[in-house]
Amino acid sequence: YQAGKAVTTTSGNTGIGFQALVLATGTGHTAVGWNSGAGIVASGAVPGLTAVGYEALKIATAATNAALGYQAGKGISAGTQNTAIGYQAMGGGEAVNSVAIGYQALFNNSSSANGQNVAIGANALYNSGASSAQRSVAIGFQAMGVSGVPAASGAVAIGFQAAGKFTGSAGVIAIGNLAGQNVSSSGAFIAIGNGALATAGTQTNSIAIGDSALAVATTGSAGTVAVGFSSLAALTSGTQNASCGHQTLTTITTSNFNSPFGYQAGVRISSTNSGSNTPIGARAMEGSATAANNTGNSNTAIGAFVLNGFTSASNCSLVGYQAGLLVTTGGDNSGIGAEILVTLTTGIGNTALGKKALHNLVSGNYNIGLGMNAGFTHTGSNTLFIGDTTQHASTFAINDIHIQSSQAYGAKVFDPLTFSDRTYFATPNSAPTDANIQAASTTIYLDETGNLLNFRVKYTDGTTLKTGSVSLL
């Protein structure tokens with residue numbers, strides 16, 4: 001009844017149903033259903049409105065729109081080049097250059113000035129309302145459509161309820177089941193993975209990639225990066241953490257300034273009491289079995305299993321495979337090399353440089369091992385080792401060095417200074433330049449012609465110089 005009632009001289013129109021194309025004066029339109037295409041009045045030189053379904057494109061006045069479904073595109077008036085498929089898809093507001101596929105997809109968009117959206121799935125980009133979304137993509141049931149008024153520009157939400165409650169205007173990315181589901185308003189964020197960043201209310205400049213990454217983060221975790229399965233899964237309000245790897249930092253809640261990288265790096269760091277740690281490598285700073293005990297701060301552990309068993313150890317800097325493997329409470333230890341300080345547990349202030357240096361040390365303090373295997377079997381304290389003590393009996397070892405200074409250039413006391421086995425000193429065969437000799441210093445040189453070992457001494461006044469000689473037989 002009254003289908004195509006206003007059509008007079010134009011051609012190529014098809015209207016089926018009560019008042020279908022009732023006002024149409026253009027050409028090339030197709031409308032099937034009660035009141036479908038009822039508002040089209042002219043198309044100028046552009047034909048092509050297609051409306052199939054009850055009140056589909058009911059008030060549209062422009063052509064180049066296509067709608068299929070009950071009240072599909074019903075809210076479109078002047079908007080052009082839209083495609084709406086599904087019950088009330090694009091049915092409650094204006095749109096332009098947009099695609100809506102699914103039950104109430106892109107429902108209630110407000111203005112043709114804010115378009116270029118793609119909504120696929122039931123309630124995708126639902127209720128974009130007065131603020132209007134633009135140039136956004138929502139794919140999945142209630143993607144950017146659970147509640148609120150999405151107003152994002154350039155946002156991407158793919159997955160069941162992905163960015164479902166988002167109402168901000170930033171170009172966010174949420175991909176995965178429940179990814180960014182509860183983030184309401186924020187600056188830009190990226191959530192990729194099942195449940196990634198699912199709980200947050202407001203969030204700014206955070207990145208969560210991986211199943212359950214940053215899953216329960218709240219409003220205080222802005223600027224956080226979590227990449228990997230369950231990375232930072234328990235974090236609530238800790239800030240400025242950057243975590244990359246499978247199950248990295250899974251237990252911390254309010255800790256700050258941690259930067260793990262690698263499989264289970266920092267996996268059991270204490271939930272609240274630890275911060276400023278940098279474990280890099282598989283299971284670096286994994287921690288003891290009881291996460292609550294792993295409270296150490298300001299550690300740097302680089303290499304697989306470095307500081308693997310730590311509890312309260314702090315201020316350690318260790319680099320190399322299994323360096324400080326068994327350290328628990330021993331802090332202020334430093335070193336570079338595979339398996340250095342590998343049996344150390346409670347010792348503090350030790351420095352090891354070279355593979356397996358100070359290897360067997362357990363509770364000793366303030367030792368220095370320089371070179372591969374230096375001090376390998378040592379278990380005491382306050383000792384310096386230079387060289388491989390497992391291979392060479394002539395290794396140079398200095399025990400119990402104490403350097404004290406009572407003034408800026410005061411005396412230095414070495415007590416005692418011992419040399420193990422044979423020791424060699426290089427002896428030049430020419431006199432030194434006096435200006436190069438420091439005050440209160442002695443230098444040795446050889447007079448090969450006169451068979452003399454000469455000593456050149458500068459007194460503490462910095463000017464007086466004396467020379468002594470020893471005859472060589």
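Keep in mind that this is a model prediction, so the values were computed, not measured.
- Checked by atom type, the side-chain pair Q240/N256 shows no donor-acceptor distance below 3.5 Å.
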Checklist entry - After noting the C-alpha distance and the side-chain angles of I302 and L318, does the key distance pass the side chain to side chain contact (heavy atoms under 4.5 Å, CB included) rule? => result CA-CA 6 Å; I302 301 176; L318 298 172; over 6 Å; no

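- S381 places a side-chain N or O within 3.5 Å of a backbone atom of N365 that can act as its donor or acceptor partner.
- For N308 (side chain) and V306 (main-chain N/O), no donor-acceptor pair under 3.5 Å exists by modelled atom type.
- With contacts defined as side-chain heavy-atom distances shorter than 4.5 Å, the pair L341/V327 does not qualify.
- Residue T345 holds its OG1 atom at 8.5 Å from CG of L361, rounded to the nearest 0.5 Å.
- In this structure, the separation between CG on L307 and CG on N294 is 11.0 Å, given to the nearest 0.5 Å.
- Of the possible polar contacts, none joining the T346 side chain to the G330 backbone as a donor-acceptor pair under 3.5 Å is found.
- By the 6.0 Å contact criterion, CZ on F261 is open, its count of non-hydrogen atoms from other residues, nucleotides or ligands being 12 or less.
- Across all their heavy atoms, A265 and P279 have their closest contact at CB-O, 3.8 Å.
- Under the 4.5 Å side-chain criterion, counting only non-hydrogen atoms from C-beta, Y54 is in contact with Q71.
- The minimum heavy-atom distance linking T272 with T253 is given by the pair CG2-OG1, 3.3 Å.
- Aromatic ring pairs are classed by plane angle as parallel below 30°, tilted from 30° to 60° and perpendicular above 60°; the pair F189 and F166 is perpendicular.
- T383 has its side chain out of reach of Y366: every pair of non-hydrogen atoms, C-beta onward, lies at least 4.5 Å apart.
- At a threshold of 4.5 Å between non-hydrogen side-chain atoms, the residues N299 and T278 do not count as touching.
- Between H246 and F229, the two ring planes are parallel [angle under 30°; tilted spans 30° to 60°].
- Here CE of M372 is found 11.5 Å from CD of E339. Values are rounded to the nearest 0.5 Å.
- At distances below 3.5 Å, at least one donor-acceptor pair connects side-chain atoms of S98 with backbone N or O atoms of N117.
- With S298 contributing its side chain and N315 its backbone, the two residues share no donor-acceptor pair below 3.5 Å.
- Judged by distance alone, the side chains of S231 and T248 do bring a donor and an acceptor atom under 3.5 Å apart.
- With hydrogens and angles left out, the side-chain atoms of Q161 and Q142 include a donor and acceptor closer than 3.5 Å.
- Across every non-hydrogen atom of A138 and L125, the tightest pair is CB-CG, 3.8 Å.
- Between A301 and M285, the closest heavy-atom pair is CB-CG, 3.8 Å.
- Once rounded to the nearest 0.5 Å, the distance linking CD1 of I280 with OG of S259 reads 8.0 Å.
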Next on the checklist: Between H378 and N360, is the side chain to side chain donor-acceptor pair (under 3.5 Å) condition met? List the steps.
Outcome noted: CA-CA 6 Å; H378 181 66; N360 290 354; over 6 Å; no

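- Side-chain contact between L235 and N241 is present, with heavy atoms from C-beta onward closer than 4.5 Å.
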Next on the checklist: The test is side chain to side chain contact (heavy atoms under 4.5 Å, CB included); show your working for N333 and T351 and say whether it passes.
Outcome noted: CA-CA 6 Å; N333 294 292; T351 302; over 6 Å; no

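- The closest donor-acceptor contact from the side chain of N277 to the backbone of N258 lies at 3.5 Å or more, if one exists at all.
- Distance alone, capped at 3.5 Å, places no donor-acceptor pair between the Q116 side chain and the S136 backbone.
- With no hydrogens or angles considered, a side-chain donor-acceptor pair links Q104 and N123 at under 3.5 Å.
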Checklist entry - Would L344 and L326 satisfy side chain to side chain contact (heavy atoms under 4.5 Å, CB included), going step by step from the backbone distance to the final call? => result CA-CA 6 Å; L344 188 71; L326 302 180; over 6 Å; no

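- G223 and S206 make their closest contact through N-OG, 3.3 Å (heavy atoms, listed as atom of the first residue, atom of the second, distance).
- A distance-only check finds a donor-acceptor pair linking the side chain of N367 to the backbone of G380 [under 3.5 Å].
- Between the side chain of N177 and the main chain of N194, no donor-acceptor pair closer than 3.5 Å is present.
- Between I190 and V172 there is no side-chain heavy-atom pair separated by less than 4.5 Å.
- In this structure, S288 contributes its side chain and T290 its backbone to a donor-acceptor pair below 3.5 Å.
- K356 and N373 share no donor-acceptor pair across their side chains, judged by distance under 3.5 Å alone.
- Annotation: side chain of I340 is not in contact with side chain of V342 (no heavy-atom distance under 4.5 Å).
- Atom CD of Q264 and atom CD of Q247 lie 5.0 Å apart (nearest 0.5 Å).
- A salt bridge between R268 and E286 is present, with a side-chain N of the basic residue lying under 4.0 Å from a carboxylate O of the acidic one.
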Item to check | side chain to side chain contact (heavy atoms under 4.5 Å, CB included) between N65 and Q81, worked out | outcome: CA-CA 5 Å; N65 293 299; Q81 300 178 30; 5.5 Å; no

Item to check | Candidate pair S314 and N297, rule side chain to side chain donor-acceptor pair (under 3.5 Å), full reasoning | outcome: CA-CA 5 Å; S314 297; N297 300 311; 4.6 Å; no

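- Taking CD1 of I175 as the start and CD1 of I192 as the end, the distance is 4.5 Å to the nearest 0.5 Å.
- Across all non-hydrogen atoms, the minimal contact from G347 to N350 is C-ND2, 3.7 Å.
- At least one side-chain heavy atom of L232 sits under 4.5 Å from a side-chain heavy atom of I252.
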